[in-house]
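To start, the structure under review is shown below, and the notes come after it.
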Amino acid sequence: MLATFLLAAASPIAQVRVTFDARQVTSVRAEGLADIATGRRVTARDPVRVASISKLVTAIGVMRLVEAHKLDLDADVSALLGWRLRNPAFPDVPITLRLLLSHRSSLTDGIDYVLPLDASIETALTDSKAWDGDHAPGTYFRYTNLNFPVIASVMERATGERFDRLMARLVLTPLGIDACFNWASCSPATRAKAVVLYRDRAPVKDDPASIASCPVTPARDGSCDLKVWRAGVNGAMFSPQGGLRISMLGLARIGQLLLDRGAVGGVRLLSSASVRLLETPVWTYDGTNGDTGDGFDCAYGLAVTFTATRAAGCKDDPFGDGRRRIGHPGDAYGLKSGLWIDPAHGTGVAYVATDVPDGVRGRSAYSPAEEALATP
């Protein structure tokens, strides 16, 4: 049976889909292998690197700090960073958390946003390739992973806490979710259940050997001493842009938090006003004001994606029914993931698939695997 499964090269190695409403999980489907080498079957409780859905969870942490008056969405982040963050082409325009969260900061992924352990985000951003020299902050949308290491640096400076531990305190632990950013703060038992990521049936991330090595990107000399961490120096260390390891049942709990306006299971994490702010678009494509990625991104809020935008060239509806949903997709190392809620109907879905070919689109800008998982 295993040989037959592996021969089905067009099929993801693992697929998990969980549906929910604000009160309960309504269905669970798990198919395939979490680890080919051992033949371990995937389950909805297995942690997996959900890629850019991490941004949405990071934003929930930001909003908790905003509610605690430790962060201000519209303040110049330079004050907390301790150095002047500016696009060199627009030195008089401040950059705020609202701009960073909504990908309108004018940062780009022209440099590597996966920084080594001993790197400095301040030094990295002196490279002119990190910046859009044609558009001032606040004037143009460009989806940019590099925004989130800056956000994590600001969060660390505001609290003095390491990002992964801070996110556990602010979001994961209060919600009873066994998850972590970049494995460092997950238990050995949780790591043992990791879903391996593959490309063309070859492991590329989170296989047992890689998990046993450095839990972050090693220093430039190959060393891995997390004691070198200093608040705000390197916000990329724990991958706020894409390094969250969480199960689909855990991700569904994040969706329930949004559906129930900031509370889940009797735990109030955010005010309803904060959830409304997260779920309000701050950018919508008008034909000239952003890069949609060939129709993939057409409306965006504070680390929240909106589907089914009615604008020319937009193909952002993996559900195919024209209804607006909110959440976030993920795409990395052959993985596709999604967390989407339908506020009008009070329902949601969390899904993941591994070893999905790059560059293959379905009827929308999303892959056929994502479209199949999005819909019943």
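Please read these numbers as outputs of a predicted model, since none were measured by experiment.
A donor-acceptor distance shorter than 3.5 angstrom exists from the side chain of Thr144 to the backbone of Leu107, with no hydrogens or angles considered. Side chain of Thr354 to main chain of Ala14: a donor-acceptor pair is present (N/O by atom type, distance under 3.5 Å, no hydrogens or angles). Side-chain atoms of Asp355 come within 3.5 Å of backbone atoms of Arg201 as a donor-acceptor pair (strictly under, hydrogens ignored). Panel note: side chain Ser52, backbone Gly242; no donor-acceptor pair is recorded below 3.5 Å. In this structure, Thr43 contributes its side chain and Arg45 its backbone to a donor-acceptor pair below 3.5 Å. A donor-acceptor pair is defined here as one N or O able to donate and one able to accept, closer than 3.5 Å; such a pair exists between the side chain of Arg268 and the backbone of Leu270. Of the possible donor and acceptor atoms, none in the side chain of Thr173 sits under 3.5 Å from a partner among the backbone N and O of Arg169. Between the side chain of Arg104 and the backbone N or O of Leu101 there is no donor-acceptor pair closer than 3.5 Å. Between the Ser78 side chain and the Leu85 main chain, a donor and an acceptor come within less than 3.5 Å of each other. No side-chain donor-acceptor contact under 3.5 Å links Thr217 to the backbone of Leu117.
Atoms CD1 and CG, from Ile246 and Asp178 in turn, are 9.5 Å apart once rounded to the nearest 0.5 Å. With rounding to the nearest 0.5 angstrom, the CG atom of Leu249 is 10.0 Å from the CD1 atom of Ile177. Here Asp316 contributes atom CG and Arg325 contributes atom CZ; the two are 12.0 Å apart, rounded to the nearest 0.5 Å. With rounding to the nearest 0.5 angstrom, the CG atom of Leu269 is 8.0 Å from the CG atom of Leu170. The OG1 atom of Thr96 sits 8.5 Å away from atom CG of Asp76, with the distance rounded to the nearest 0.5 Å. Taking CH2 of Trp83 as the reference point, atom OG1 of Thr123 lies at 8.5 Å (rounded to 0.5 Å).
Listed by first and then second residue, the disulfide (SG to SG under 2.5 Å) pairs involving residues 273-343 are Cys298-Cys314 (not counting sequence neighbours).
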Could you go step by step and tell me if Ser239 and Asn182 meet the side chain to side chain donor-acceptor pair (under 3.5 Å) rule? CA-CA 6 Å; Ser239 301; Asn182 266 12; 3.0 Å; yes

Does the pair Glu31 and Val16 meet the rule for a side-chain contact (heavy atoms from CB on, under 4.5 Å), with working shown? CA-CA 6 Å; Glu31 302 170 352; Val16 181; over 6 Å; no

The test is side chain to side chain donor-acceptor pair (under 3.5 Å); show your working for Ser54 and Gln241 and say whether it passes. CA-CA 6 Å; Ser54 309; Gln241 76 284 346; over 6 Å; no

After noting the C-alpha distance and the side-chain angles of Thr288 and Asp286, does the key distance pass the side chain to side chain donor-acceptor pair (under 3.5 Å) rule? CA-CA 6 Å; Thr288 63; Asp286 69 3; 3.2 Å; yes

Stepwise, does the side chain to side chain donor-acceptor pair (under 3.5 Å) test hold for Thr307 with Asp317? CA-CA 5 Å; Thr307 70; Asp317 184 10; 4.7 Å; no

Check the pair Asp260, Arg23 against salt bridge (Lys or Arg N to Asp or Glu O under 4.0 Å), reporting the backbone distance first and the verdict last. CA-CA 8 Å; Asp260 208 18; Arg23 297 288 176 259; 2.8 Å; yes

The test is side-chain contact (heavy atoms from CB on, under 4.5 Å); show your working for Glu371 and Ser364 and say whether it passes. CA-CA 8 Å; Glu371 291 174 348; Ser364 68; 2.7 Å; yes

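When ring centroids are compared, His103 and Tyr140 stay outside the 6.0 Å threshold. Not less than 6.0 angstrom separates the ring centroid of Tyr285 from the ring centroid of Phe141. The ring of Phe306 has its center no closer than 6.0 angstrom to the ring center of His328.
Criterion: ILVMFWY side-chain heavy atoms under 4.5 Å apart, direct or through other members. Under it, Val48 and Tyr333 are part of a common hydrophobic cluster. Tracing side-chain contacts under 4.5 Å through hydrophobic residues (I, L, V, M, F, W, Y), one never reaches Ile254 starting from Tyr351; they form parts of separate clusters. Taken together through direct or relayed side-chain contacts under 4.5 Å among Ile, Leu, Val, Met, Phe, Trp and Tyr, Val50 and Leu373 form parts of separate hydrophobic clusters. Linking ILVMFWY residues whenever their side-chain heavy atoms come closer than 4.5 Å, directly or via other members, leaves Trp340 and Leu244 in distinct clusters. Leu226 and Ile211 are assigned to two separate hydrophobic clusters, defined by single-linkage of ILVMFWY side chains at heavy-atom distances under 4.5 Å.
Taking both residues in full, the closest heavy atoms of Ser185 and Cys180 are given as OG-CB, 3.5 Å, listed atom of the first, atom of the second, then distance. Taking all atoms of both residues into account, the shortest heavy-atom contact from Trp131 to Leu125 is NE1-O, 3.0 Å. Smallest separation of non-hydrogen atoms from Ala34 and Asp46: CB-OD2, 4.1 Å. Shown here for Phe90 and Asp134, the closest heavy-atom pair between the two residues is CZ-C, 4.0 Å. Residues Ala350 and Phe20 share a closest heavy-atom pair of N-CE2, 3.9 Å. Residues Tyr143 and Asp109 approach most closely at O-OD2, 4.2 Å, considering heavy atoms.
A donor atom on one side chain and an acceptor atom on the other are found under 3.5 Å apart for Ser367 and Glu370. With no hydrogens or angles considered, a side-chain donor-acceptor pair links Asn87 and Ser106 at under 3.5 Å. Donor-acceptor pairing under 3.5 Å is recorded for the side chains of Ser274 and Ser271. Using modelled atom types and a 3.5 Å distance limit, the side chains of Thr190 and Ser187 yield a donor-acceptor pair. A donor-acceptor pair shorter than 3.5 Å can be found between the side chains of Ser223 and Asp221.
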What pairs of donor and acceptor atoms, side-chain ones from residues 290-297 against any protein atom, are under 3.5 angstrom apart with sequence neighbours left out?
{"from": "Asp291", "atom 1": "OD1", "to": "Gly293", "atom 2": "N", "distance (Å)": "3.0"}
{"from": "Thr292", "atom 1": "OG1", "to": "Asp294", "atom 2": "N", "distance (Å)": "3.4"}
{"from": "Thr292", "atom 1": "OG1", "to": "Gly295", "atom 2": "N", "distance (Å)": "2.8"}
{"from": "Asp294", "atom 1": "OD1", "to": "Lys315", "atom 2": "NZ", "distance (Å)": "3.4"}
{"from": "Asp294", "atom 1": "OD2", "to": "Arg361", "atom 2": "NH1", "distance (Å)": "3.3"}

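When Lys193, Arg49, Arg245 are each tested for a salt bridge (charged side-chain N to carboxylate O under 4.0 Å, His left out) with Asp206, only one passes: Arg245. Put simply, the residue from Val282, Leu302, Val304 that forms a side-chain contact (heavy atoms from CB on, under 4.5 Å) with Leu277 is Leu302. For the side-chain hydrogen bond (donor to acceptor under 3.5 Å, both in side chains) with Arg142, the qualifying choice from Asn147, Asp132, Thr108 is Asp132, the only one to do so.
Under the 4.5 Å side-chain criterion, counting only non-hydrogen atoms from C-beta, Thr347 is not in contact with Thr19. Contact check for Leu71 versus Leu97: side-chain heavy atoms found under the 4.5 Å cut-off. Taking 4.5 Å as the limit, some side-chain heavy atom of Pro368 sits within range of a side-chain heavy atom of Val360.
Other residues, nucleotides and ligands contribute at most 12 non-hydrogen atoms within 6.0 Å of the CZ atom of Arg310.
Between Glu279 and Arg324, no side-chain nitrogen of the basic residue sits less than 4.0 Å from a carboxylate oxygen of the acidic one, so the salt-bridge criterion is not met.
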